[in-house]
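Notes for the one structure printed next.
On a predicted model such as this, the values are computed, not experimentally measured, just so you know.
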Amino acid sequence: MGIFETRPLRVLSILVAAGILLSGCGSDTPSSTQPSLARSAAAPPLVALVRALAVSRNIGPLPAPPPVRTALARLGQALAFDKILSGNRDISCMTCHLSTFATGDARSLSIGQGAVGLGPNRVHPQGIFIPRNAPPLFNLHVLNHLFFDGRVELDPQGAFHTPAGTNLTPEMTKVFEFGALSAQPLFPVLSRDEMRANTGNELAAIDDAHMGAIWRAIMLRLGAIPQYREMFEAAYPGTRFETMTFAHGSNAIAGFFLSQLTSKDAPWDRFLAGNDEALNGAQLIGAKDFLSLKCSICHNGPTFSDDKFHNVALAQFGPGKGNGPSGRDDFGRMNISRQETERYAFRTTPLRNVELTGPYGHDGAFIRLRDFIAHYSESDLKLRSYDVSQLEPALRPTLLATVNDILLTRDLLLQGVVIPDSIVDHLETFMRALTEEGFRHLDRIVPQRVPSGLPIDR
């Protein structure tokens, strides 16, 4: 019987026999499997239980991404690493999604254009931060909501909802081959703090509301480079460069991400494929705990994300998104949905390769993975006692006194959750089994050069 053929009654009998309580999480949670199991071959009943729990949470293999033409992926790679997309030609998409740091930058909050240095060593002369953490770029084809607030969305009817509104035309969306991900690269190039800058170039001189004009100006830059014209036309056979928009470039960047950053060969994947020995005993115990507790109510599906939005009581700091009396707060999904109930709600973070992608949270509030897991235990108390010393010195004074406001809309799932330290250890052990070894080093995704000739950040 295959792992997706387990009969419902059989699943139920396994869960009941094991005493699993899917609705709760506390010190009496059935997680006292003998420690010796972590040091010996996994017992068959535990293997069967973990498989049954995975089915119950709809956590199956990662769907294969759509095929990507080689020429399209090559164009996307060049665009992603080329600083020509930025106003002052000083930053690329991948400056904040470095291969060295698993497509992140190892910072709580990123630092955009006008800065020097990379990753933890990046410094802006005016001390300007981007309001949110740079999210990893793995397996984005599975998600229908992109960015932490889901402002780029593909709805069930196939319609795109983005900050561009009618600037994103039907002619542009016809180009998209990879769902919401095809639209995502359209937006960092519009942001003044991220890439476009406030002054000093022709992109910055365009009014913010004229998004189409900004994209056209970028295409003029690219079209002035013969190699880019050739690459665009090779990526879209039969289409002349003069008829293309930056939607073609955005779609190409998405294709590059899918071709190089689809991660589906972690120990967990091999376990799902039927290899009973892919997880060691400690990882199986952690998997059982994770799948039994409330963790997997939100962290489910093949990416370990429900692609929905939750307020998990994270401290607020940094420049914010213009919200609240100070203008330095970040109301998250509420800025998009306009629903008060979604204040401070952010999209559930996918967990594949999570051990590689810290700091954690929409604002990188936690440096260590274990600390982020532990935050979910008595999260109200953890928020009140948040240790600001883990942040870099420039961010520590920006912590907002908004604890009570945040807790007003804290997700009800977190109420009453208490996780013993031993279970936190188990959960961390399991999450490390979601790491694909080949993604620890990503030098392979970096091109030797880009058509503009500008330097490459890696």
Hey, do the aromatic rings of F176 and F160 have their centres closer than 6.0 Å? yes
For the residue pair D387 / S389, report whether a side-chain donor-acceptor contact shorter than 3.5 Å exists. yes
cation_pi(R444, F439) dist<6.0 Å, angle<=45: yes
Using the rule given for side-chain contact (heavy atoms from CB on, under 4.5 Å), can you reason through R122 versus R107, listing the C-alpha separation, both sets of side-chain angles and the distance that settles it, and then say yes or no? CA-CA 9 Å; R122 192 165 177 80; R107 305 188 60 86; 4.2 Å; yes
Surrounding CZ of R432 (heavy atoms of other residues, nucleotides or ligands, distance under 6.0 Å), is the total greater than 12? yes
Intermediate values then yes/no, side-chain hydrogen bond (donor to acceptor under 3.5 Å, both in side chains), S86 and Q113: CA-CA 8 Å; S86 65; Q113 68 82 37; over 6 Å; no
May I ask you to decide if the ring planes of F372 and Y376 are parallel, tilted or perpendicular, using 30° and 60° as cut-offs? perpendicular
Salt-bridge criterion met for R352 and D265 (N-O under 4.0 Å): no
Angle class for the H299/F290 ring planes (parallel below 30°, perpendicular above 60°, tilted otherwise)? tilted
E436 versus S263, side-chain donor and acceptor atoms under 3.5 Å: yes
Could you check whether R410 and S379, counting side-chain N and O atoms only, form a donor-acceptor pair closer than 3.5 Å? yes
Would you call R458 and D443 a salt bridge, using N to O less than 4.0 angstrom? no
Look at atom CD of E392 and say whether more than 12 heavy atoms of other residues, nucleotides or ligands are closer to it than 6.0 Å. yes
Do R132 and F346 meet the cation-pi criteria used here (NZ or CZ under 6.0 Å from the six-membered ring centre, within 45° of the axis)? no
Donor-acceptor pair between H310 and D306 side chains, under 3.5 angstrom: yes
Evaluate side-chain contact (heavy atoms from CB on, under 4.5 Å) for D155 paired with H161, printing each intermediate quantity in order. CA-CA 8 Å; D155 71 22; H161 304 274; 2.7 Å; yes
Distance flag, aromatic centroids of H375 and F366, threshold under 6.0 Å: yes
Does R333 make a cation-pi contact with F309, if we ask for NZ or CZ under 6.0 Å from the ring centre and within 45° of the axis? yes
Strictly by modelled atom types, are S337 and E342 linked by a side-chain donor-acceptor pair under 3.5 Å? yes
Could you check whether S92 and D82, counting side-chain N and O atoms only, form a donor-acceptor pair closer than 3.5 Å? no
I need the I218 CD1 to W215 CH2 distance, nearest 0.5 Å. 9.0 Å
Can you tell whether the side chains of R384 and E378 come within less than 4.0 Å, N to carboxylate O? no
Under 4.5 Å between any side-chain heavy atoms of N335 and D330, yes or no? yes
